[in-house]
There are 2 protein chains.
Amino acid sequence: MKKSLADKIEQYLKVLIDRSENYEIEIQRAELAETFDCVPSQITYVIGTRFNEKCGYYTESRRGGKGFVRITRLDDAEVQAGISRREFFVFLDQIMAMELITENENRMLKHLVVSSFKQVPGEIQNKLFLAIKAGLEDFVDLS
Amino acid sequence: MKKSLADKIEQYLKVLIDRSENYEIEIQRAELAETFDCVPSQITYVIGTRFNEKCGYYTESRRGGKGFVRITRLDDAEVQAGISRREFFVFLDQIMAMELITENENRMLKHLVVSSFKQVPGEIQNKLFLAIKAGLEDFVDLS
DNA sequence: TATATAAGGTCAATGAATGTCAAAGGGGAA
DNA sequence: TTCCCCTTTGACATTCATTGACCTTATATA
């Protein structure tokens, strides 16, 4: 794969995180931009597309003097713990209230989840709830 | 039989895959089109007809600068999972034709299945397909 | 406290790739 | 010959990356 600049910056940051103590690094946006000879907003772009929560990262930042960007990789527990059935149902009700899905779709999904998940090991269930939630968010975006 | 251009491109790509490390190659659509002196969408056509999941291949791609198309030859287990999924999709299309679910519900379920099931071990996927199918039959009965 | 300086954030424009779709072309079987 | 199905083509759509002008916020200093 021909690596784009964004790919290279991504890789660079991931190496830094791997080598870090707590899977957490702090960078200076402008300085990193200098290193890669690009505009600072390029760094923002990489962080926004490759290090967002969906990708299993959490970021904080501060502006002004002594500013920084901190990137934290969520550990497996945080990423994979997922959400409970109750939380998932609440989510369904919410997006129904927002008219992103119909009442029938809401009922259908609940029914499927209840009737099908008995066959799935417990630890995978919550992961699936989370994945389905993400998939739904995706789907209603597209619609 | 006379070989069409599509056949030649297919053969060319399969040689590349055979020679590759992990049965996986990456190409640039426009570049390959140039090589064969054809329009880029011809490449898309070859990939769509000769390197789809039914044929035992999986493809990914990225648009924009430094974009690419990646073709992976699936192993037997992956092919099996793909078959059960296709059967499930056919089932969805059938009950949509019977107007038991809407077109939107059909699309939604397919989307959820592809986006969520990556996280689930192969053996469980088949069970889930059957369970969801049963759950759906149940649900449309109630409605 | 007021002002200057030093960060990071936002957004829209542009360019570079792939995707989609419908129409036209061509070859083989009946 | 005719018809059907697979190919081939091209116009247009969508997505991703890159850049730069301008905005917001925090700190340092007079």
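Just so it is clear, the model here is predicted, and its values are computed rather than measured. Just so it is clear: chains get the letters A, B, ... in the order the sequence lines come, proteins before strands, and each one is counted from 1. We use all heavy atoms of the structure for the numbers below, so side chains are in, but hydrogens, waters and symmetry mates are not.
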**Request:** Looking at every strand, decide which applies to A:R70 at a 4.0 Å heavy-atom threshold: base, sugar-phosphate, or nothing.
**Result:** nothing
**Asked** Only one of A:E105, A:R107, A:K110 forms a side chain to side chain contact (heavy atoms under 4.5 Å, CB included) with A:L92, so which one is it?
**Response** A:K110
**A:G65 or B:T49, whichever maps to the more 5' nucleotide of DNA chain D** = B:T49
**Asked** On DNA chain C, which is the earliest and which the latest nucleotide, 5' to 3', with an atom closer than 4.0 Å to a heavy atom of chain B?
**Response** C:dA16 to C:dT20
**Message:** If you assign B:K66 and B:R63 each to the DNA chain D nucleotide with the nearest heavy atom, which residue ends up on the more 5' nucleotide?
**Reply:** B:R63
**Message:** Does B:R62 reach a base, just sugar-phosphate, or nothing at all? Heavy atoms under 4.0 Å.
**Reply:** sugar-phosphate
**Request:** Answer yes when B:E53 and B:R85 have at least one side-chain N-carboxylate O distance shorter than 4.0 Å, and no when they do not.
**Result:** yes
Side-chain donor-acceptor distances from residues 31-47 of chain B under 3.5 Å, at least two apart:
{"from": "B:T35", "atom 1": "OG1", "to": "B:E31", "atom 2": "O", "distance (Å)": "3.1"}
{"from": "B:T44", "atom 1": "OG1", "to": "B:R29", "atom 2": "NH1", "distance (Å)": "2.7"}

**Request:** Within residues 31-45 of chain A, find the residues that approach DNA chain C with a heavy atom at under 4.0 Å, and present them sorted by residue number.
**Result:** A:S41, A:T44
**Fill in**
Contacts satisfying ring-ring contact (aromatic ring centres under 6.0 Å, His included) that involve residues 71-101 of chain B (not counting sequence neighbours) are B:F88-B:F129
For residues 4-14 of chain A, tabulate all N or O donor-acceptor pairs below 3.5 Å that involve a side-chain atom, not counting sequence neighbours.
{"from": "A:S4", "atom 1": "OG", "to": "A:D7", "atom 2": "N", "distance (Å)": "3.2"}
{"from": "A:S4", "atom 1": "OG", "to": "A:D7", "atom 2": "OD2", "distance (Å)": "3.1"}
{"from": "A:D7", "atom 1": "OD1", "to": "A:R50", "atom 2": "NH2", "distance (Å)": "2.7"}
{"from": "A:D7", "atom 1": "OD1", "to": "B:R62", "atom 2": "NH1", "distance (Å)": "3.2"}
{"from": "A:D7", "atom 1": "OD2", "to": "A:S4", "atom 2": "N", "distance (Å)": "3.0"}
{"from": "A:D7", "atom 1": "OD2", "to": "B:R62", "atom 2": "NH2", "distance (Å)": "2.8"}
{"from": "A:E10", "atom 1": "OE1", "to": "A:R50", "atom 2": "NE", "distance (Å)": "3.2"}
{"from": "A:E10", "atom 1": "OE2", "to": "A:K14", "atom 2": "NZ", "distance (Å)": "2.9"}

**Prompt:** Quick one: do B:R73 and B:D18 make a salt bridge, cutoff under 4.0 Å?
**Reply:** yes
**Request:** Round to a whole Å and report the spacing from NZ of A:K2 to C1' of D:dA17.
**Result:** 15 Å
**Prompt:** Has B:R50 got a side-chain N or O lying under 4.0 Å from the OP1 or OP2 atom of D:dC6?
**Reply:** no
**Request:** Would you write the dot-bracket representation of DNA chain C, where each base gets (, ), [, ], | or . depending on whether it forms a Watson-Crick or G-U pair under 3.5 Å and with which partner?
**Result:** ||||||||||||||||||||||||||||||
